[in-house]
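Before any comments, here is the structure.
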Amino acid sequence: FNDASHCVCRIPMSTSGAHDGTTTITVFFEGTANPIRPVVTQIGELFALCDALDVTDPQVAAGEASHLKMGFDGCGVVAGLPGALFAFGLAPQCDAVVARLEALASSSEACRQCLSVNVLGLSRGGIAALQLAKKLESASTALRDRLRLALLLFDPVPGNLVFTARHLDFLAAVGMPGVLTTASGVLDLSASPVSSVLAVYPHEPLPDIAFHAPLLPAYPPAAEVVEDATLGCHQGALYPVGLTRGSPVAAACRLSAHRLVEALRERGTRLRPAGGGGGAFASECLRDCEAALREPERASRRIAHCAGPAGATVRRARSARLLNRHHLELLAAEAPGEARARVEAAVAQPSAMPLFLLSVQRGGGEGGGASAAQRQALDALAWLERRGV
């Protein structure tokens, strides 16, 4: 719920999708086995809906366009088995984005003082987004001074076991992260130019042998970071809404679509009209959240890669007052009084029932004085108050 900003070039978020004096470039990284075309997941769908000049091909000139986009196939598509197993193929994609950004920073006219870069990635594509942020730590001064970097991560998965990355990657311990495990190379982004992060983690766990533990990096202290859990299991929560109606994953995919569409538009990405936005769709998503609260009690936990010794988990409680942070946002927009009442009840009695059924907890949810549930409720109340709810 932190509203701080970390960028030299400060651009207010807007649903208009346009900023005076700004070039907006949106980058899409698909999941491991998925092409960006034809559409497999919402990543490809949003790339197609993005109303911007496609400059993925380095031979395409940006010209005078103020809205640009780049889209990349999953690493398993571009690098085959090495890509699927070891995330080979991500580095060249990130290098292509950096080269494009450096060219824009060095050639933009004086009237375009800022580069607003929004990066959306699924699974290993989320790891590509993190690798891009890491590479931009060494960007030129011209680029860093004009850059506003926003990460939109959907279940970033490095493909390593948590135990291996934490205890057996001896090269990371001697200052060579990312050589033996993909995870260690992106766990620390504290020196990167990231200004905002929305990271969404489906809560349903896969067996350890699937190597699908998600990753929660350390971000710059001043970055605005929202980490939230949601319905579904990995990519199954990100299929196109039109293909999932009536299926068991329909609600999870609707919630993901609403979340990503709104996040991209708030950060200045232009999207052509389609499903995933608007008041009626938001109301449908709110009903999905309320229905999920009534499902049978069943706790679950996903262990995650995380910077520091304490670790992190994506959790489902047995019962709660709200589904997740997204539910709070939807309810605050449609029924602010009800949203505040539920949060205040959680503040008053955090041990009786937590605020969120689904949550991301760093440090195992222990220590720090107040309980994790109480801190969660107090943070939510502060967020409501900042918005006058």
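Being a predicted model, the structure only gives us computed values, none of them experimental.
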Any carboxylate oxygen within less than 4.0 angstrom of a Lys/Arg side-chain nitrogen, looking at Arg265 and Asp51? no
I'd like to know if the side chain of Arg267 reaches the main chain of Ala263, judged simply by a donor and an acceptor atom lying under 3.5 Å from each other, with no hydrogens or angles considered. yes
State, yes or no, whether a side-chain contact exists between Ser196 and Leu151 at a heavy-atom distance under 4.5 Å. no
Both conditions, 6.0 Å and 45 degrees, for the charged tip of Lys69 above the ring of Phe47: are they met here? yes
When Phe29 is tested against each of Val97, Leu90, Leu153, Asn34 for side chain to side chain contact (heavy atoms under 4.5 Å, CB included), which residue passes? Val97
From CA spacing to verdict: side chain to side chain donor-acceptor pair (under 3.5 Å), Gln235, Ser123: CA-CA 8 Å; Gln235 182 172 302; Ser123 187; over 6 Å; no
Under 3.5 Å, is there a donor-acceptor pair between the side chain of Arg342 and the main chain of Arg321? yes
Quick check: does any side chain N or O of Arg387 sit under 3.5 Å from a backbone N or O of Ala382, one acting as donor and the other as acceptor? no
Check step by step if side chain to side chain donor-acceptor pair (under 3.5 Å) holds for His326 and Thr230. CA-CA 8 Å; His326 189 200; Thr230 191; 5.6 Å; no
Please tell me if the side chains of Phe154 and Ser256 come closer than 4.5 Å, counting only heavy atoms from C-beta onward. yes
Spell out, as yes or no, whether a donor-acceptor pair under 3.5 Å connects the side chain of Arg124 to the backbone of Ala84. yes
Looking at Glu290 and Arg287, is any side-chain nitrogen of the basic one under 4.0 Å from a carboxylate oxygen of the acidic one? no
With a 3.5 Å distance limit and no angle check, can you tell me whether Tyr201 reaches the backbone of Leu215 through a side-chain donor-acceptor pair? yes
Can you hop from Trp383 to Leu381 via hydrophobic side chains spaced under 4.5 Å? yes
For Ala103, is there any backbone N or O sitting under 3.5 Å from a side-chain donor or acceptor partner on Ser107? yes
Within the side chain of His305, is there an N or O that forms a donor-acceptor pair under 3.5 Å with the backbone of Ala183? no
Side chain of Arg302, backbone of Pro202: donor and acceptor closer than 3.5 Å? yes
Are Leu238 and Val261 linked, directly or through intermediate hydrophobic residues, by side-chain heavy-atom contacts shorter than 4.5 Å (ILVMFWY only)? yes
Does Arg245 pair with Glu284 as a salt bridge, N-O distance under 4.0 Å? yes
Could you tell me whether a side-chain N or O of Thr244 sits under 3.5 Å from a main-chain N or O of Ser247, the two making a donor and an acceptor? no
Full working for side chain to side chain contact (heavy atoms under 4.5 Å, CB included) between Val241 and Leu243: CA-CA 5 Å; Val241 171; Leu243 300 180; over 6 Å; no
Would Val194 end up clustered with Ile127 when hydrophobic side chains under 4.5 Å apart are linked, directly or stepwise? yes
Counting distance only, does the side-chain N/O of Asn324 pair as donor-acceptor with the main-chain N or O of Asp228 below 3.5 Å? no
